[in-house]
Each structure stands twice: as C-alpha cells, then as structure tokens.
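Computed from heavy atoms alone, side chains included, the values below leave out hydrogens, waters and symmetry copies. Given the structure is predicted, the values throughout are model-derived calculations rather than measurements.
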Amino acid sequence: HGSPAMRTSRRTCLIWLQMPCFKKAIFKAASLYLLCLQFRFEVVTSDAEEEPTHPQREKPKNTASPWLDTSILLGTHWFPNFDCIGVPEADEVYRVVKAIPESVKEQCSTGWVSHTKSASNEVMWQRYTEYLQNVSSPLFKAACPFGDITARMAKWVTCHLGAAHPACENSKVWFGSELIGVADEMQLPLSIVFITFENSQWAWLWHDLWSVSRQAADHGILRVEADMIHMARQFDQCQSTGEDTGWPWASMQQELRESETGMVMLEEGFNDWDMKLQECPMGSLVIVLGQLFVLSTSLSEEVEGLAGRLLPALAVAESLMNHLTGGRLEPMLLMAYTSWDVATMWAVVTLRLQWKEGGKYTSHYQHKPFRLDFWQAELVKPDREDLLYRVSLSAEGMQQALTQDLRKAQQSPALRSITSALWTVQHMTNEEAGPNRLVLLAMVFSDRIARFMPGYLARAEGFDLLRKFIFSCQDEASLGICTQKHKYPALCVAGNIPSTSSKYTAMTAILQAGFGVLYLDFDVILMQDPIPYVLKRAEQAEIVVSRDFGSECINTGVTYVKPHPESVDFMERLLIWLWHHPYEFCQKAVAGLLGVEDLTLHEFYRRPYLSIPRWKMLDHVNQFVTSTIYDKKAQGWTGELENIVIYHFLDGLGTVSEDVAVGGRYKNLNALFFDNPMLNLTDVTTPLWEQDPRVKEELEGSRQSQVTPDEELAHCTVIEYTAWPRWKKLQRAEVVENWAAAAA
C-alpha cells in the first residue's frame, strides 16, 4: 500500500489499460464474469450405492444453458452462442423487438397516419426507444452481438415512427460495417458471420423491422426530411461508367420486376466490385443476393466465398453513401426508399440458408437451429485418454462407469438420458469390450412418422435388436408412442430439436461413452440383421456408410461409427462445421469431410479436414440398397431378393415432386412396410415379399438390369461437369482418389 513495488505495479497497470488489445481482453473477461454470476448452479455429489433409475422419466433439476459449462471458462467455445441462449436480457429484447412490427399491424385500425401521429402512440414509441437505448450496453453487445445490432435497428425504426427521444439523435445502423466488427470480435471469417446471422433467430426480426420501415416509407410517415428522401432516391439512378464493362442497370431492374423469381441470371461472374458498387449500390446487392441464392441451391461449395464478399461490399456501399452525402444519409433510409427490392431478395436468401419452406415459421428437416440439447463440452472432448479407457473396459467395468456417469450432478438432461439408455443396454446385454459393444440408433419426429413406430419396433424385435435399439425422439408425439410401444422404454431418449443434425449430436455422445453406433434412418426396412454385415466391413475401417447405386453420392441412411479417436475426431469436426455452415445439406457435409465431395475451394479456404479416418462403403448393389424414386440410373439395386439386408425406401419427406418422380406420384411406403395388416413384421423367417405381393412389386420396381461401372457413375451434383468452375475440376482428382479407396 504505497511501497515502491506497488507504485510500479500501479503504473504498469495504467500503461496496460491504454493498450487496445488489453482493454478488449479485460472487457471480455468482465463480461464473462458477470454472465457467469447470473447462472451459478450448485454442485451436488452423492455417495449412494444404489443402482440408478432412468432419469428421462423425471424432470431434470439441472437446466443450465449448454453454453454455461466449463468449456466457456476455458475459452474453448466450439459452438458460438449466436442466438444468445441464456444471455441476460436477450429473451426480453427478442420479445420487445418482435412486438414492434406486430403492434404497428395490430393498432392500425384507423390508418397509418393517424396511428403514428397520435399522442398515445408517440408515448408508445418513446417507451420502446427508452428500453432499447438502455439495453444496448457494452455488456449486452459483447454477449449478444447479433441481438445488439437488431435492437439498434429496432431503435432506428421507433425513432423514425414517432419517438421524440434524445437517443434518436444517434440511431444510425451500419449493418455491413458493424457485422465486420462482430467478425473481428468473435475471431470468425466474414463469410461465417454473415451466414450465421442469417441462420440466427435475429434474422427474421431484422426482416420484419425492414418490412415495417418500407411500409412506413410507402405511406409517407417516416420522420425524414424531404431532401433526405430525394437524396436516397438519387441512388436508384444507376449509370454505367464504361461502355465495355458497364451494365444496363435500367433494363436489368425492369427484368427483375418481371421475373417470377425476382432474380436475374448472369452469364458472367460478378466481377469489378468497386466499379459496380459505385455505379449502382442497391442494384449490385440485389444481383449478389440472387447469385447467393442460386449457389446455395446448386453449388453450395461456393456459398462461403460469395458470402465473404457480400459484407465488404455492403460496407463499401455504406461508406460510399456516407461520403457522397456528407454523412447525412443513413443506410437504413436508403434501404427503406430504394426501388431496388433488396429486402425481398434478402428474405429469400434467408429462407434458403435457414432451410425454411412455406414461410419463415415452417422448417425443413435440414434446418439447423443454433440450439444444443447437450452441453458443448459433452460433445467435444480434445482428450482421447478417457475414450480409450472406456473402450477397453470389461462388461462389469463399463456398467460401473455408466453408473458413475449417472451420479454426476453437472450434466445436461440430454446426456443423462443417453447415459441412462446406455446403462440399460449394457445391463441387458452384458457386452465385453469389442466390436459387439454397440447400439442401434434411429431418430424420430413429427406425427406423420411417429404413427409408424409400432411397425418399425416390431421389425427390430423380430431380429432381437430391441435390447440395443435407442430412439432419439425429438418431439412429444414420437416420445409418447415410443415409451408406450418400445419393449424397453428406457431406450426412448427425449430431445427437442427436430433437425437431421440432432442425429449427429446423439451419435457423438454415444461414441464418447465408449459404444459403437449404427445409425438407421426411419425409412428403412430390415430384411436381415444388419450387424454382422456392418461389422465385417468395419474390420478395415472406423466409419462405414451406405451409398447410391449408380452415382458417387454416399447415403448416410445407414452409418456405422466405431468408438475410435479418429472417428470421434471426425464427428466433432462435423458438428462444428455444420454449426458454422448451417446452409449445407448434412449428407454432403459428411461426404465432404470424408473427402468425396467438395465443401470449399481448398486454395483459399483450405480443406475442411486435417485428416480422414479409415472408412469404407457398404455393398450398395445387393445388400444395402435403395428404392428408385427420381433417377433410374442412380438409385435402385440388382441381384437376388434373398441377399438384401436393408431396403432404404427413401420416404423422408412424405411427398415427391410428381413432375420428376419415376412413378409420377407419391407412394406411402411407410404404410406399406410398417402399417400393413398383411405383414407379420416379427416373422423374419418368411420374407416380406412372400407375405404381401405388393412388397415384391415395390422391390422389383427398383431392380436394375446391371451394375454401373465406376467410370460411368454420375457425379454427386446437380450441375453438369461442363458447367463446373475451374477450381472444382482441379479438385476432382483428390475426390476420385478418396472414393476409390473407400469403395475398395
């Protein structure tokens, strides 16, 4: 207290506090400390020796956020909390911001002008503004950057709809520039920040606010000076700067208006960014967004590259507006008054990147929300010593290890449920260390699928597989039916994320516990016990997967993974990659990390993997086969009916595109196989095709006359080879080499 040493330390601290990097570190540490204080939970230990019950029957006491575990304290944040789950104020901010456009729509019974200019509504907008100003703090920005940008966007809207508040003097939102700042803070590439914002819960709030501001602009009620409106509309007057390189912006805008898709297909790439942005900032954004949509549906490996160029382009456009107007024109004003339909095109891109269909509230099964049933430290464990130890345990040792796992207080309800199921499997099978210590896993959600569970379970029972068969039930309907109909209800594991990505989190948790896992899609019918065939193929590999008949596409409907360090590394990389690239089709992501499909341009973005585990393909010709739905050459089988082990009938969606389906209509094959009174599914001695001739008709309808030679296999892409970009052709040799090794 005043000694020379203390005075020196004090001076050193003052010097450090002036360093930007140190201030940033202190700020993050303080934010994290305050966040953790909000979510303390007690550590409860137990010395009881009694056998555990099955906790999925009980309400879990520990409901802490997946992000509030030891991994965040150690700085190993593999799954950034983009939706701000568990962050103080985030839920309230979301609720308040969502209410703004809703309140405008609901309270407009007397018309827009009278609504916004009434005294009571001015008070309402002021209250909104006051709240949004207070919540937009440095702490909230650090913990929830996407929510902070959205809150400030909402404040801009309330200020311009009628709030007379001091906070409105500085309400500008520079979306492109600020997301670039987020990328720097989170140490993520620009492309990933844009993509993850678009997949977050905040994206649709942004679009709703944008829509309200455009409607207000159309009705002339945004509080904006007349010259600012004129200035904003001047940016729509696009002129080409060169005869050879310029674009006919006026005719292009007309073409966009007349297009059913709202997009213009360009024969050439979007080059000369600086020139195009100076010629027409808003038109350039519409064109790039249209290209992004097209790539996401046909050449997703180029999405990351284009997304990485979009934010800088937007930032350049914002800077250009700021420069040309002397800092007076706000970017959001330009968005509100532009005649280029940036908002609609952006919303279309968001729908596609989020895998939404039929509207923003209807999710495709490939939608990957930023939610985790497990804590991230339960899924990613860099230390492989525990895995190797568990794999080597005797039957008794594994039972004791699982018992100890269930006694741990600090674990997610999802892991506790999985562990309870594994405890039950080990208790019933008493498997020693070795390849037979495995479980089967299927994922179920939706009423449409859940009603066929009794038949699916009956078929598994016929082959005496139910003792090892865990069902990941991602909604109440499937969980209810599973617990009623499964012979061992403890193997029905509850979840609440109805997405295909959930199967990979469950598989990873099972592997981390020391068990192998054979995943089966729900739309498969067992003709024989698949385990002996799978384990025979797995003698040469850590991962085994099925594939299409006449194409280079793998088919993850049947996937086996060993509890091996290399395969667990693979699964962890897959989870992390999908978290940061939610637009990608899960099956393509698996293929890309196995080296047989392109996920990125390696020259610029490097390979998405450091190494590839040993992996092999199952017999796709006559054992693990598929029905023929869309492609007579790529799908199907050939050989003898008696040799089929699993028939994958490809009915995941409950519908087909009738104009391109081989049969021209949808056939409910779930009903044929699992809800058919003519079939005795537990009878595995009498083939199903002998029990019902319609089954034989279905199987024979997918039979091919001959095996497709490797050199004639169709590429796993919707784009013809002649239209491939040059870089994809150059990476082709590596894909072919990896494919040949796995198929051997």
Side-chain angles (χ1 to χ4, degrees), residues 365-366 448-449 452 455-456 459 500 520-528 530 533 545-559 585-588 590-591 596-597 617-676 679 687-720 739 743:
Y365 74 97
Q366 286 285 335
R448 181 185 71 84
I449 293 297
F452 296 113
Y456 195 99
R459 192 59 178 169
T500 190
L520 302 179
D521 272 353
F522 196 85
D523 55 347
V524 303
I525 181 71
L526 302 181
M527 300 298 185
Q528 301 181 53
Y533 297 90
V545 65
S546 56
R547 56 167 282 197
D548 282 355
F549 178 81
S551 83
E552 294 178 347
C553 295
I554 66 167
N555 186 323
T556 55
V558 181
T559 303
F585 194 74
C586 284
Q587 186 165 275
K588 182 174 180 178
V590 173
V596 292
E597 281 202 53
M617 298 178 193
L618 293 163
D619 176 7
H620 63 292
V621 175
N622 199 187
Q623 291 183 349
F624 295 84
V625 302
T626 71
S627 61
T628 302
I629 302 297
Y630 289 116
D631 195 325
K632 289 184 178 180
K633 294 183 178 180
Q635 299 170 329
W637 65 281
T638 191
E640 302 298 327
L641 285 171
E642 292 78 7
N643 292 337
I644 297 177
V645 178
I646 284 182
Y647 184 66
H648 191 174
F649 52 85
L650 306 177
D651 190 11
L653 294 175
T655 184
V656 297
S657 299
E658 295 184 353
D659 54 333
V660 293
V662 172
R665 62 183 179 85
Y666 169 68
K667 295 185 294 183
N668 190 341
L669 297 181
N670 276 300
L672 174 65
F673 288 114
F674 299 132
D675 192 21
N676 183 350
L679 298 181
L688 296 180
W689 60 84
E690 292 183 4
Q691 298 183 37
D692 184 349
R694 292 177 299 169
V695 172
K696 185 173 184 179
E697 179 183 353
E698 163 59 27
L699 296 173
E700 293 289 356
S702 294
R703 184 195 288 271
Q704 302 282 4
S705 59
Q706 61 183 9
V707 179
T708 306
D710 286 349
E711 60 271 15
E712 297 180 14
L713 292 174
H715 299 312
C716 196
T717 176
V718 298
I719 298 179
E720 295 292 336
W739 176 268

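Counting heavy atoms from C-beta on, the side chains of Ile644 and Asn622 come closer than 4.5 Å. Two residues are said to be in side-chain contact when any heavy atoms from C-beta on lie closer than 4.5 Å; Lys696 and Leu641 meet this criterion. Residues Phe624 and Met617 form no side-chain contact, since every pair of their non-hydrogen atoms from C-beta on lies 4.5 Å or further apart. Side-chain contact between Ile525 and Ile646: absent, with no pair of heavy atoms (C-beta onward) separated by less than 4.5 Å.
In this structure, Asn676 CG and Asp692 CG are separated by 4.5 Å, a value rounded to the nearest 0.5 Å. The distance from the CD atom of Gln706 to the OG1 atom of Thr638 is 8.5 Å, given to the nearest 0.5 Å. To the nearest 0.5 Å, the span separating CG on Asn643 from CD on Gln623 amounts to 7.0 Å. Note that the OG1 atom of Thr500 and the CD atom of Gln587 stand 8.5 Å from one another [nearest 0.5 Å]. Summarising the geometry, atom CG belonging to Asp619 is positioned 9.5 Å from atom CZ belonging to Arg547; distances are rounded to the nearest 0.5 Å. Phe549 contributes atom CZ, which lies 11.5 Å from atom CD of Gln635 (distance to the nearest 0.5 angstrom).
Exactly one of Val590, Leu618, Val625, Asp548 qualifies for a side-chain contact (heavy atoms from CB on, under 4.5 Å) with Asn555. That residue is Asp548. Applying ring-ring contact (aromatic ring centres under 6.0 Å, His included) to Phe649 and the options Phe673, Trp637, Phe452 leaves one that passes, Phe673.
Around atom CD of Glu690, more than 12 heavy atoms belonging to other residues, nucleotides or ligands sit under 6.0 Å away.
Side-chain contact, Asp523 with His648: a donor N or O sits under 3.5 Å from an acceptor N or O. Using modelled atom types, one finds no donor on one side chain facing an acceptor on the other under 3.5 Å when comparing Tyr456 with Asn670.
A donor-acceptor pair under 3.5 Å links the side-chain atoms of Gln528 to the main chain of Glu642, judged by distance alone. No side-chain donor-acceptor contact under 3.5 Å links Asp675 to the backbone of Gly455.
Closest of all the heavy-atom pairs between Gln366 and Cys586 is OE1-N, 3.0 Å. A pairwise comparison of heavy atoms in Ser546 and Gly557 identifies OG-N, 4.3 Å as the closest pair. Minimum interatomic distance between Met527 and Tyr647 (heavy atoms only, all atoms of both residues): CE-CB, 4.3 Å. A pairwise comparison of heavy atoms in Leu679 and Leu672 identifies CD1-O, 3.4 Å as the closest pair. Of all heavy-atom pairs spanning Asp651 and Leu669, the tightest one is OD2-N, 3.7 Å. When all heavy atoms of Ser702 and Ser627 are compared, the closest pair comes out as OG-CA, 3.3 Å.
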Show me the side-chain donor-acceptor pairs of residues 707-719 shorter than 3.5 Å, one per line, residues at least two apart or across chains.
| from | atom 1 | to | atom 2 | distance (Å) |
| --- | --- | --- | --- | --- |
| His715 | ND1 | Arg732 | NH2 | 3.4 |
| Thr717 | OG1 | Ile719 | N | 3.2 |

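A salt bridge links Arg703 to Glu700: at least one charged side-chain nitrogen sits closer than 4.0 Å to a carboxylate oxygen.
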Begin with the C-alpha distance, continue with both residues' side-chain angles, and end with the deciding distance and a verdict on side-chain contact (heavy atoms from CB on, under 4.5 Å) for Asp521 and Val558. CA-CA 7 Å; Asp521 272 353; Val558 181; over 6 Å; no
